[in-house]
Enquirer: 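One structure is given below, represented as structure tokens, and several questions about it will come after.
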Amino acid sequence: DVQLQASGGGLVQAGGSLTLSCVVSGFTFDDYAVGWFRRAPGKEREGVSCINVSDGRPYYENPVKGRFTISSDNARNTVYLRMNSLKPEDTADYYCAADGNLILSTSPRSTASAYEYWGHGTQVTVSS
């Protein structure tokens, strides 16, 4: 079974940084997509960033471009989300998701329904 474990959330002041980790297990080959999503209090879940671990090409949604960096370490089966210059509006529960059939270059990569597997969330709180 595919399993995802997200960690790294916490409380940080505005302008600070955090790195989230998502450990993925259960895929036979290193050819799958991982996406980070977030859900802020009272808001809909939204896509943040995604990557295919086989080619490492990253994708970012506009609110985080230039501030967040997604990367993968295939030896550790881990995808990271480095979050810099955090803002109070980044406060949310962050989730990682994975799918073995998603082609990020042509698919609705920021749509939650495109991903089959989900981990539990990790909470990020940015104070002003």
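All of these numbers come straight from a predicted model, not from anything done at the bench. These values consider heavy atoms only, across backbone and side chains, with no hydrogens, waters or symmetry-generated copies.
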Enquirer: Do Ser17 and Asn84 have a side chain donor and acceptor closer than 3.5 Å?
Expert: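 On atom types as modelled, these side chains qualify, holding a pair under 3.5 Å.
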
Enquirer: Which pairs count as ring pair (Phe, Tyr, Trp, His ring centres under 6.0 Å) when at least one residue sits in residues 38-88, sequence neighbours excluded?
Expert: none

Enquirer: Go through the steps to decide whether Arg39 and Tyr94 satisfy the test side chain to side chain contact (heavy atoms under 4.5 Å, CB included), and finish with yes or no.
Expert: CA-CA 7 Å; Arg39 178 181 285 146; Tyr94 284 71; over 6 Å; no

Enquirer: I need the Cys96 SG to Ile51 CD1 distance, nearest 0.5 Å.
Expert: 13.0 Å

Enquirer: Step by step, work out the side chain to side chain contact (heavy atoms under 4.5 Å, CB included) result for Leu20 and Thr122.
Expert: CA-CA 8 Å; Leu20 306 183; Thr122 185; 4.0 Å; yes

Enquirer: I'd like to know if the side chain of Ser54 reaches the main chain of Asp31, judged simply by a donor and an acceptor atom lying under 3.5 Å from each other, with no hydrogens or angles considered.
Expert: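 Answer holds: no.
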
Enquirer: Please confirm whether the backbone N or O of Asn77 pairs with a side-chain atom of Asn74, one donor and one acceptor, at under 3.5 Å?
Expert: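 Checked: no pair found.
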
Enquirer: Treating Arg57 as the side-chain partner and Val53 as the backbone partner, does any N or O pair qualify as donor plus acceptor under 3.5 Å?
Expert: no

Enquirer: Donor-acceptor pair, Thr91 side chain versus Val126 backbone, under 3.5 Å?
Expert: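 Present.
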
Enquirer: Do Thr19 and Arg82 have side-chain atoms, one donor and one acceptor, less than 3.5 Å apart?
Expert: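 A pair is found: one side chain offers a donor N or O, the other an acceptor, under 3.5 Å apart.
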
Enquirer: Measure the spacing between CG of Leu4 and OG of Ser21 and express it to the nearest 0.5 Å.
Expert: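 Output value for this atom pair is 12.5 Å.
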
Enquirer: Verify the cluster assignment for Leu104 and Tyr117: are they in a single hydrophobic cluster under the rule of side-chain heavy atoms below 4.5 Å apart?
Expert: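 Cluster IDs for Leu104 and Tyr117 differ.
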
Enquirer: Tell me which pairs pass salt bridge (Lys or Arg N to Asp or Glu O under 4.0 Å) where either residue lies in residues 40-53, with sequence neighbours left out.
Expert: Arg38-Glu46

Enquirer: Mind checking the OG-CZ spacing from Ser49 to Arg109? Nearest 0.5 Å is all I need.
Expert: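 With rounding to 0.5 Å, OG (Ser49) is 10.0 Å from CZ (Arg109).
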
Enquirer: From the options Leu11, Leu86, Asp90, select the one residue that forms a side chain to side chain contact (heavy atoms under 4.5 Å, CB included) with Leu18.
Expert: Leu86

Enquirer: Is Leu81 linked to Val24 within one hydrophobic cluster, defined over Ile, Leu, Val, Met, Phe, Trp and Tyr using a side-chain heavy-atom separation of less than 4.5 Å?
Expert: yes

Enquirer: Does anything in residues 29-48 form a ring pair (Phe, Tyr, Trp, His ring centres under 6.0 Å)? List the pairs, not counting sequence neighbours.
Expert: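 Applying ring pair (Phe, Tyr, Trp, His ring centres under 6.0 Å) to every pair that reaches into residues 29-48, excluding sequence neighbours, yields Phe27-Tyr32, Phe37-Tyr115, Phe37-Trp118.
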
Enquirer: For residues Val124 and Val64: do they belong to one hydrophobic cluster (side chain heavy atoms under 4.5 Å, members Ile, Leu, Val, Met, Phe, Trp, Tyr)?
Expert: yes

Enquirer: With hydrophobic residues grouped by side-chain heavy-atom distances under 4.5 Å, do Val2 and Val79 end up in a single group?
Expert: yes

